[in-house]
Amino acid sequence: MIYFLSDIHLGAAYITDRRAHEQRVVSFLDHIADDATELYLLGDILDYWFEYRYVVPRGYIRFFAALARLADAGVKITWLTGNHDVWLRDYLRDEIGLNVLYGKTVVNILGSKFLISHGDDAGHQPALYRFTRAMFYSRFNQWLYAAIHPRWTAPIALGWSKQNRTVRDPDKVRQRIEQCAENLINFSLQSLKSEPDLKYFVFGHLHLAHLTQLDSGQTVVFLGDWINQNTYATFDGQQLLLEKWEKG
């Protein structure tokens with residue numbers, strides 16, 4: 001069985017009980033160990049992460065241990081960075097053995113062609129967002145950022161995330177999600193023009209749990225999140241399904 005999940009946002013300042021949040025995810029990962037062969041993490045798994053050359057942020061130890069157990073059992077783990085965990089580099093790759101990818105990619109899974117993406121790098125994006133994303137991905141800017149002590153950078157990043165998540169008009173958020181979902185559907189249709197053998201499109205980012213079929217037969221799934229929905233997708237070689245974790 002192949003599993004896909006995104007937008008867990010471990011460590012987010014707006015989550016009341018972060019330990020319980022992490023444990024719920026760990027319980028899910030331990031549960032899928034019996035039948036998982038591949039696990040795809042499609043970004044924003046951590047609410048904030050920045051790897052310095054010799055040190056990494058504290059926390060997430062139970063989650064990382066669960067990933068390590070899966071990897072040691074032979075599960076192939078692929079982590080696509082999102083806009084919150086963009087600064088993931090070689091630590092987890094080397095310590096756990098997972099594969100880190102940056103940006104949307106096409107993969108062959110059990111004989112079917114998938115386009116997978118966090119969702120913030122596909123289709124039309126506002127100019128300001130494209131600029132901000134380019135700044136975050138700039139190695140030079142990362143080098144400058146690393147020179148600032150983490151006692152300043154971590155609280156600022158987590159505070160920015162909290163404000164962005166909690167101080168927003170719900171109606172505007174809902175409208176924005178609908179527009180972004182339509183944008184990604186259009187992106188999927190456009191992608192078929194250059195790669196008509198694509199069968200499945202998997203996106204995160206929107207915190208929208210939804211699966212739809214294109215008129216041409218392809219499946220598009222939005223993975224939802226693990227803040228309120230606990231949703232994920234599975235693929236058994238025949239069918240891509242959107243499911244919900246009810247335990248933990």
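Excluded from the calculations below are hydrogen atoms, water molecules and symmetry mates; all remaining heavy atoms, backbone and side chain alike, are included. Numbers here are sequence positions counted from 1.
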Using 0.5 Å steps for rounding, measure from the [atom1] atom of [X] to the [atom2] atom of [Y].
X	Y	atom1	atom2	answer
E22	I15	CD	CD1	10.5 Å
Q218	K113	CD	NZ	12.0 Å
F4	E38	CZ	CD	8.0 Å
Y200	L240	OH	CG	6.5 Å
L101	L80	CG	CG	5.0 Å
T37	Y3	OG1	OH	9.0 Å

**Report entry** Verdict with reasoning, L67 to I77, per side-chain contact (heavy atoms from CB on, under 4.5 Å)
**Finding:** CA-CA 8 Å; L67 290 183; I77 303 173; 4.2 Å; yes
Requested in this report: Let me see the working for F203 and I185 under side-chain contact (heavy atoms from CB on, under 4.5 Å), right down to the final yes or no.
Outcome: CA-CA 10 Å; F203 302 108; I185 292 292; over 6 Å; no
Mark yes or no for whether [X], through its side chain, and [Y], through its backbone, hold a donor-acceptor pair below 3.5 Å.
X	Y	answer
E51	Y91	yes
D90	R93	no
N108	G111	yes
N141	L144	no

Considering only heavy atoms from C-beta outward, does the side chain of [X] approach that of [Y] to under 4.5 Å?
X	Y	result
F201	L184	no
S216	L192	yes
V26	Q23	yes
L189	L214	yes
Y14	I227	yes
V220	L211	no
L41	T78	no
H9	H207	yes

**Report entry** Ring center gap for F235 and F114 short of 6.0 angstrom
**Finding:** yes
Query raised in the report: So, do Y52 and F50 have ring centers that fall under 6.0 Å from each other?
Result: yes
Determine, using the 4.5 Å side-chain heavy-atom cutoff (strictly less than), whether [X] and [Y] are members of one ILVMFWY cluster.
X	Y	value
V106	F187	yes
I109	L39	no
L46	L70	yes
M135	W87	no
W226	I32	yes

Of the non-hydrogen atoms in [X] and [Y], which two are nearest, and what is the gap between them?
X	Y	value
N183	A122	ND2-O, 3.5 Å
L223	A233	CD2-CB, 3.5 Å
L158	A13	O-CB, 4.2 Å
D30	A66	OD1-CB, 4.2 Å
R24	N230	NE-OD1, 3.1 Å
S191	L115	OG-CD1, 4.1 Å

Requested in this report: Take D121 and S117 through the test side-chain hydrogen bond (donor to acceptor under 3.5 Å, both in side chains) and record every step on the way to the result.
Outcome: CA-CA 7 Å; D121 61 343; S117 163; 2.5 Å; yes
Flag if over 12 foreign heavy atoms under 6.0 Å of [atom1], [X]:
X	atom1	result
Q213	CD	yes
E182	CD	no
K193	NZ	no
K76	NZ	no

Query raised in the report: Just one of F28, Y40, W245 clears the ring-ring contact (aromatic ring centres under 6.0 Å, His included) bar with Y232, so which one?
Result: F28
Query raised in the report: Taking W49 as the fixed residue, which of W79, F63, F64 is the one that meets the ring-ring contact (aromatic ring centres under 6.0 Å, His included) rule?
Result: F64
Query - Name of the residue among V100, D120, D44, L42 meeting side chain to side chain contact (heavy atoms under 4.5 Å, CB included) with T81 - result: V100
Query raised in the report: Given D7 and H205, is the side-chain hydrogen bond (donor to acceptor under 3.5 Å, both in side chains) satisfied, shown in steps?
Result: CA-CA 6 Å; D7 296 277; H205 189 49; 5.2 Å; no
**Report entry** Pair E195-L198, side-chain contact (heavy atoms from CB on, under 4.5 Å): steps then yes or no
**Finding:** CA-CA 6 Å; E195 296 190 73; L198 284 167; 3.8 Å; yes
Requested in this report: Report the C-alpha separation of Q229 and T231 in whole Å, then their side-chain angles, then the decisive distance to 0.1 Å, and conclude whether the side-chain hydrogen bond (donor to acceptor under 3.5 Å, both in side chains) test is met.
Outcome: CA-CA 5 Å; Q229 302 172 88; T231 48; 4.7 Å; no
Query raised in the report: Does the side chain of H118 pick up a donor-acceptor pair with the side chain of N83 at under 3.5 Å?
Result: yes
